[in-house]
*Asks:* 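Right, I'll just put the structure down here and ask away after.
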Amino acid sequence: DQGFCNKLVKQHRGHRRFDEIKTKPTWFVIKHFAGPVSYCTDGFLDKNKDQLSNDLIECMGASSNEFVANLFKKDIKYAEVLDKPKGADQKVGGKKKKYSVSSEFKDQLASLMDIVD
């Protein structure tokens, strides 16, 4: 968890909306419009390992609910799974690409940092 926080600090150090808490190595701060918010990464990776299987991505992308289907169809991360031919085993770098809550959080944090910049 400290390693995860270190990666965030390394990636966002110097950003005007991001700060680290030097006395708390597993904490970081996002300076939101309404004020700074501290986040603790203790146990974060263990709590957020749940991966989205390719079957689930395909199921959600094929949903009859247009809103749900578009959440997956319009997200570039899922394009490689949704655009592959039926029965093809999609691999990235020799490993199947998996999406987890923590990878989604990391992507959302990067997006947030871009927006508030």
Side-chain angles (χ1 to χ4, degrees):
D1 295 333
Q2 184 174 348
F4 177 65
C5 190
N6 291 342
K7 286 180 183 179
L8 293 175
V9 169
K10 183 178 178 182
Q11 184 174 358
H12 300 293
R13 179 179 280 134
H15 192 285
R16 66 186 181 94
R17 299 281 187 180
F18 184 89
D19 205 0
E20 60 185 305
I21 302 174
K22 294 188 191 312
T23 58
K24 296 180 179 179
T26 59
W27 288 71
F28 64 94
V29 176
I30 300 291
K31 299 172 190 169
H32 296 277
F33 175 76
V37 177
S38 299
Y39 296 90
C40 178
T41 61
D42 288 336
F44 181 82
L45 295 179
D46 287 334
K47 291 186 286 189
N48 296 292
K49 281 185 179 175
D50 18 340
Q51 296 178 337
L52 298 179
S53 70
N54 288 352
D55 290 340
L56 177 64
I57 294 168
E58 289 169 359
C59 180
M60 299 304 279
S63 173
S64 60
N65 182 308
E66 186 178 348
F67 174 76
V68 172
N70 283 334
L71 287 174
F72 286 79
K73 288 179 181 177
K74 293 182 178 182
D75 194 321
I76 192 133
K77 292 187 305 292
Y78 306 127
E80 66 186 48
V81 174
L82 295 174
D83 295 343
K84 74 177 182 178
K86 272 287 190 216
D89 202 13
Q90 188 72 21
K91 293 188 177 191
V92 177
K95 290 177 130 178
K96 284 188 177 181
K97 179 76 172 172
K98 295 288 184 185
Y99 303 101
S100 65
V101 174
S102 56
S103 67
E104 188 68 23
F105 175 80
K106 186 176 176 184
D107 291 346
Q108 288 176 358
L109 176 61
S111 177
L112 175 64
M113 297 303 286
D114 289 340
I115 290 169
V116 298
D117 190 14

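This one's a predicted model, so the numbers in the text were calculated from it and none came from an experiment.
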*Asks:* Looking only at non-hydrogen atoms, find the nearest pair between Leu82 and Gly61 and report the distance.
*Replies:* CD2-CA, 4.0 Å

*Asks:* Is the ring pair Tyr39/Phe28 parallel, tilted or perpendicular, if the boundaries are 30 and 60 degrees?
*Replies:* parallel

*Asks:* May I ask whether Val9 and Ile21 are part of the same hydrophobic cluster, defined by side-chain heavy atoms of I, L, V, M, F, W, Y residues being less than 4.5 angstrom apart, directly or through others?
*Replies:* no

*Asks:* Let me see the working for His32 and Leu112 under side chain to side chain contact (heavy atoms under 4.5 Å, CB included), right down to the final yes or no.
*Replies:* CA-CA 10 Å; His32 296 277; Leu112 175 64; 3.8 Å; yes

*Asks:* Would you indicate whether the side-chain heavy atoms of Pro36 and Asp19 approach each other to under 4.5 Å?
*Replies:* no

*Asks:* Looking at Gln2 and Pro25, what are the two nearest heavy atoms and their distance?
*Replies:* NE2-CB, 3.4 Å

*Asks:* To check you understand the geometry: which heavy-atom pair defines the closest contact between Arg13 and Phe18, and what is its length?
*Replies:* N-CD2, 4.4 Å

*Asks:* Under the side chain to side chain contact (heavy atoms under 4.5 Å, CB included) rule, what do Ser111 and Ile115 come out as? Steps first, then yes or no, please.
*Replies:* CA-CA 6 Å; Ser111 177; Ile115 290 169; 4.0 Å; yes

*Asks:* More than 12 heavy atoms of other residues, nucleotides or ligands under 6.0 Å from NZ of Lys7: is that the case?
*Replies:* no

*Asks:* What distance separates Tyr78 OH from Asp83 CG, expressed to the nearest 0.5 Å?
*Replies:* 14.0 Å

*Asks:* As an exercise, state the distance from NZ of Lys31 to NE2 of His15, rounded to the nearest 0.5 Å.
*Replies:* 10.0 Å

*Asks:* Scan the side chains in residues 65-73 for donor-acceptor partners under 3.5 Å anywhere in the protein, sequence neighbours excluded, and list what turns up.
*Replies:*
{"unit_1": "Asn65", "atom_1": "OD1", "unit_2": "Phe67", "atom_2": "N", "d": "3.0"}
{"unit_1": "Asn65", "atom_1": "OD1", "unit_2": "Val68", "atom_2": "N", "d": "3.2"}
{"unit_1": "Asn70", "atom_1": "ND2", "unit_2": "Glu66", "atom_2": "O", "d": "3.3"}

*Asks:* With distance as the sole test, does Thr41 use its side chain to make a donor-acceptor pair with the main-chain N or O of Thr26 at under 3.5 Å?
*Replies:* yes

*Asks:* Could you state the interatomic distance from CG (Leu8) to CD1 (Ile30), rounded to the nearest 0.5 Å?
*Replies:* 8.0 Å

*Asks:* First locate atom CD of Gln11, then atom CG of Leu109, and finally report the distance between them rounded to the nearest 0.5 Å.
*Replies:* 7.5 Å

